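Everything below concerns the one structure shown next.
Residue indices begin at 1 and follow the sequence shown. Bear in mind the structure is a predicted one, so any value in this text is a computation, not a measurement. Counting starts at 1 for both ligands and their atoms, following the listed order.
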Amino acid sequence: MREQLIKICGLSSPDTMQAALDAGATHVGLVHYQPSPRHIELPDASRLRAMARGRAKVVLLLVNADIETTSAAIEAIKPEVIQFHGTETPEWCALVRKQVNIEVWKALGVKDKPTLEKSARYIGKVDRLLFDAPATALPGGNGTSFDWSLLADHEHTAAWGLAGGLTPENVADAIAQTGAPLVDTSSGVESAPGIKDAAKIAAFCAAAKAG
Ligand SMILES: O=C(O)c1ccccc1NCC(=O)[C@H](O)[C@H](O)COP(=O)(O)O
């Protein structure tokens, strides 16, 4: 039976990292992007990274980071995955993937069919596409969903995941509707922006596994 992949994104404290690991998250996201309420500095990120070693894959989340920031973050965190969540080009993603030999994901905001089809330019350049809601106040982490029916007849030719407004209450339905092999949440498991809630994390993971 296929394992449901579950990413809890925007973790920034040891207790909620522990909650995500104990709940069975397969991926844990660390946001290194100053404007985000989930931004984590590299020393703290490195300490959370150590907690996850051998239990879940650490996803370093960057948004249009320059080479120095990208290099420093990779060196400090040594993630299993880098998720680019800005306007990074397929060429940039492929270059980083080749240079550092780390799994690379590209997040894309799905507005309509054309934007979904444009994701094809990343095929072969990244390891996974993450279909998220379009950027609003932030490039991601806005707690808003996109129209999942847009995925109904989309031919997935690469590994992919679903993000945007997923909660313990709707994640099973999202999986049933889309067949998403990976689900990703940030706002939906928080009590306030940037404040992760251990009970919501557990509920999300349980619902996703049951989905
Ligand atoms: O989480 C953030 O604060 C964030 C900020 C800037 C870019 C990306 C960000 N999050 C990336 C993610 O993968 C989120 O989990 C994804 O966008 C879904 O967020 P949400 O709708 O809040 O569940």
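In Ser186, the parts holding a heavy atom less than 4.0 Å from any atom of ligand 1 are both the side chain and the backbone.
Remark: minimum distance from atom 18 (C) of ligand 1 to any protein heavy atom is reached at Gly164 N, 3.8 Å. In terms of protein heavy atoms, atom 2 (C) of ligand 1 is closest to Arg38 NH1, 3.2 Å. Counting protein heavy atoms only, atom 9 (C) of ligand 1 is closest to Gly140 C, 3.5 Å. Remark: minimum distance from atom 10 (N) of ligand 1 to any protein heavy atom is reached at Gly141 N, 3.7 Å. Atom 12 (C) of ligand 1 has Cys9 SG, 3.6 Å as its closest protein atom, hydrogens excluded (heavy atom only).
Summarising the local packing, CG of Asp66 is surrounded by more than 12 heavy atoms from other residues, nucleotides or ligands at distances under 6.0 Å.
Using a 4.0 angstrom heavy-atom cutoff, Ala107 does not count as in contact with ligand 1. Look at Gly165 and you'll find a heavy atom under 4.0 Å from some atom of ligand 1.
Below 4.0 Å from some heavy atom of Asn142 lie the following atoms of ligand 1, by number and element: 21 (O), 22 (O). Proximity to Val63 (heavy-atom distance under 4.0 Å) selects the following atoms of ligand 1: 7 (C). Residue Ser187 approaches ligand 1 through these ligand atoms, each under 4.0 Å from one of its heavy atoms: 20 (P), 22 (O), 23 (O). Atoms of ligand 1 found under 4.0 Å from any heavy atom of Gln83 (numbered from 1 in listed order, with element): 11 (C), 12 (C), 13 (O). Those atoms of ligand 1 that come under 4.0 Å of a heavy atom in Tyr33, given as number and element, are 6 (C). Heavy-atom contacts of Lys7 reach the following atoms of ligand 1: 12 (C), 13 (O) (cutoff under 4.0 Å).
For the atom pair CD (Gln83) and CG (Asp132), the distance works out to 8.0 Å, reported to the nearest 0.5 Å. Remark: Ile201 CD1 to Thr16 OG1 distance equals 5.5 Å, nearest 0.5 Å. The structure places OG1 of Thr167 at 9.0 Å from NZ of Lys200, a figure rounded to the nearest 0.5 Å. Taken from OG in Ser12 to CG in Asp44, the straight-line distance is 8.5 Å, to the nearest 0.5 Å.
The distance criterion of under 3.5 Å between nitrogen or oxygen atoms is not met by Pro139 with respect to ligand 1. Inclusion of Ala163 in the set of residues having an N or O under 3.5 Å from an N or O of ligand 1 is not warranted.
Taking every heavy atom of both residues into account, Ala25 and Ala56 meet most closely at O-CB, 3.5 Å. Nearest heavy-atom pair across Gly24 and Lys209 is CA-NZ, 3.6 Å.
There is no path of hydrophobic side-chain contacts, each under 4.5 Å, that joins Ile123 to Val81.
Partner of Glu80 under the salt bridge (charged side-chain N to carboxylate O under 4.0 Å, His left out) criterion, chosen from Arg49, Arg55, Lys7: Arg49. For the side-chain contact (heavy atoms from CB on, under 4.5 Å) criterion with Ile82, the lone passing option out of Ile74, Val126, Ile77 is Ile74.
Ring planes of His154 and Phe131: perpendicular class, angle over 60° (limits at 30 and 60°).
Closest heavy-atom approach to atom 11 (C) of ligand 1 among the candidates Thr136, Leu61, Leu62, Leu11: Leu61. In this structure, of Asp132, Thr185, Asp184, the residue bringing a heavy atom nearest to atom 17 (O) of ligand 1 is Asp132.
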